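See below for the structure under consideration.
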Amino acid sequence: MTDIKSLLGQQLPALKLRATNAEMIDLSALPGRTVVYAYPRTSPPNEGPIEGWDLIPGARGCTPQSCAFRDHFGELKAAGAQAVFGLSTQSTEFQSEAVERLHLPFVLLSDEKLELTKAMELPTFEAGGMVLLKRLTMILKDGVVEHIMYPVSDPAKNAEDVIAYLKQAR
């Protein structure tokens, strides 16, 4: 993994990621400020977490993080976010369940093939036989990484931290 701060100022690669609304999204081509919060995975409601999940630093908190972005969605838009996306290495089918269950007003993006993860050398870890993203948040401006929050120590507060950044970045 690259030093995460070296991503600042980097143009995102022109890659299309499948979204939960069936669109293909190229983050590098989006105008204005885009918020992308990366999270390891959400557990389906009928399953428990991966064995040992609670022992992995930073693994817990995906649902509270997504719910915070949902609850603060209007404030994020008012502070200047043109778009908000969640990003994980889970399949779109799996993510669609979370969007519906959590009533998210934005789509989740799947990097199931690890194309963006590898191209940007985003931090990952392995659990349950899967390669998962470590929690981080990127604020993009016209497809370029303007700001990174990593590590995200309090997932439930991440959306508020993004709002504070967006307000001071205007």
Side-chain angles (χ1 to χ4, degrees), residues 1-19 25-42 50 53-73 75-90 95 104 106-127 130-170:
M1 182 198 85
T2 303
D3 171 33
I4 201 77
K5 295 296 181 195
S6 71
L7 294 175
L8 291 173
Q10 189 178 115
Q11 173 73 43
L12 264 70
L15 293 169
K16 292 187 177 184
L17 299 173
R18 185 167 306 286
I25 306 289
D26 179 353
L27 294 169
S28 73
L30 298 179
R33 284 209 169 87
T34 302
V35 175
V36 180
Y37 71 95
Y39 60 95
R41 72 185 300 267
T42 57
I50 294 170
W53 190 250
D54 292 341
L55 303 176
I56 301 169
R60 285 198 77 70
C62 301
T63 297
Q65 183 180 27
S66 290
C67 289
F69 277 96
R70 173 198 67 203
D71 296 346
H72 292 287
F73 185 70
E75 292 168 76
L76 287 156
K77 299 287 273 183
Q82 299 295 312
V84 175
F85 298 99
L87 172 72
S88 79
T89 60
Q90 291 177 291
Q95 292 173 327
L104 301 181
F106 50 85
V107 298
L108 299 179
L109 302 176
S110 173
D111 191 19
E112 188 175 17
K113 295 178 183 169
L114 305 177
E115 293 173 303
L116 182 67
T117 299
K118 288 178 181 174
M120 295 189 71
E121 296 184 44
L122 297 177
T124 62
F125 66 99
E126 289 188 36
M130 296 174 279
V131 175
L132 304 171
L133 286 165
K134 288 187 178 180
R135 191 179 316 283
L136 65 89
T137 301
M138 295 185 288
I139 291 112
L140 313 175
K141 186 171 184 185
D142 300 325
V144 174
V145 179
E146 177 182 72
H147 186 69
I148 287 191
M149 295 177 180
Y150 177 81
V152 174
S153 56
D154 186 352
K157 192 177 170 289
N158 188 209
E160 293 172 41
D161 294 337
V162 170
I163 292 165
Y165 173 80
L166 290 171
K167 285 181 176 178
Q168 66 83 32
R170 286 190 221 194

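Predicted, not measured: the structure shown is a model, and the values here were computed from it.
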If you measure only the distance, is there a donor-acceptor pair under 3.5 Å linking the side chains of Asp111 and Thr89?
-> no
Is the shortest heavy-atom distance from the side chain of Val84 to the side chain of Phe73 under 4.5 Å?
-> yes
Other residues, nucleotides, ligands: >12 heavy atoms within 6.0 Å of Arg18 CZ = no
Locate the shortest heavy-atom distance separating Leu12 from Met120; write the atom from each residue and the value.
-> CG-SD, 3.7 Å
Within the side chain of Arg170, is there an N or O that forms a donor-acceptor pair under 3.5 Å with the backbone of Gly80?
-> no
Nearest heavy-atom pair of Pro40 and Arg135: which atoms, and what distance?
-> CD-NH2, 3.8 Å
Nearest heavy-atom neighbours spanning Gln82 and Gly32 = CG-CA, 3.8 Å
What pair of heavy atoms forms the shortest contact from Phe125 to Ala59, and how long is it?
-> CZ-CB, 4.5 Å
Would you please name every residue forming a side chain to side chain contact (heavy atoms under 4.5 Å, CB included) with Ala19, sequence neighbours left out?
-> Asn21, Ile25, Val107, Leu109
For Pro155 and Arg60, which heavy atoms make the closest approach, and how far apart are they?
-> CG-O, 3.9 Å
Side chains of Gln90 and Leu108: closer than 4.5 Å at any heavy-atom pair?
-> no
Measure from the side-chain N and O atoms of Ser66 to the backbone N and O of Thr63, and report whether any donor-acceptor pair falls under 3.5 Å.
-> no
Check whether any side-chain heavy atom of Ile4 lies under 4.5 Å from a side-chain heavy atom of Leu136, and answer yes or no.
-> yes
Among all residues two or more places apart in sequence or in another chain, which pass the side-chain hydrogen bond (donor to acceptor under 3.5 Å, both in side chains) test with Lys157?
-> Asp161
Mind telling me whether Phe69 and Tyr37 have parallel, tilted or perpendicular rings, with 30° and 60° as the class edges?
-> parallel
Is the closest side-chain heavy-atom distance between Lys5 and Leu7 below 4.5 Å?
-> no
Does a donor on one side chain and an acceptor on the other come within less than 3.5 Å for Tyr165 and Glu160?
-> no
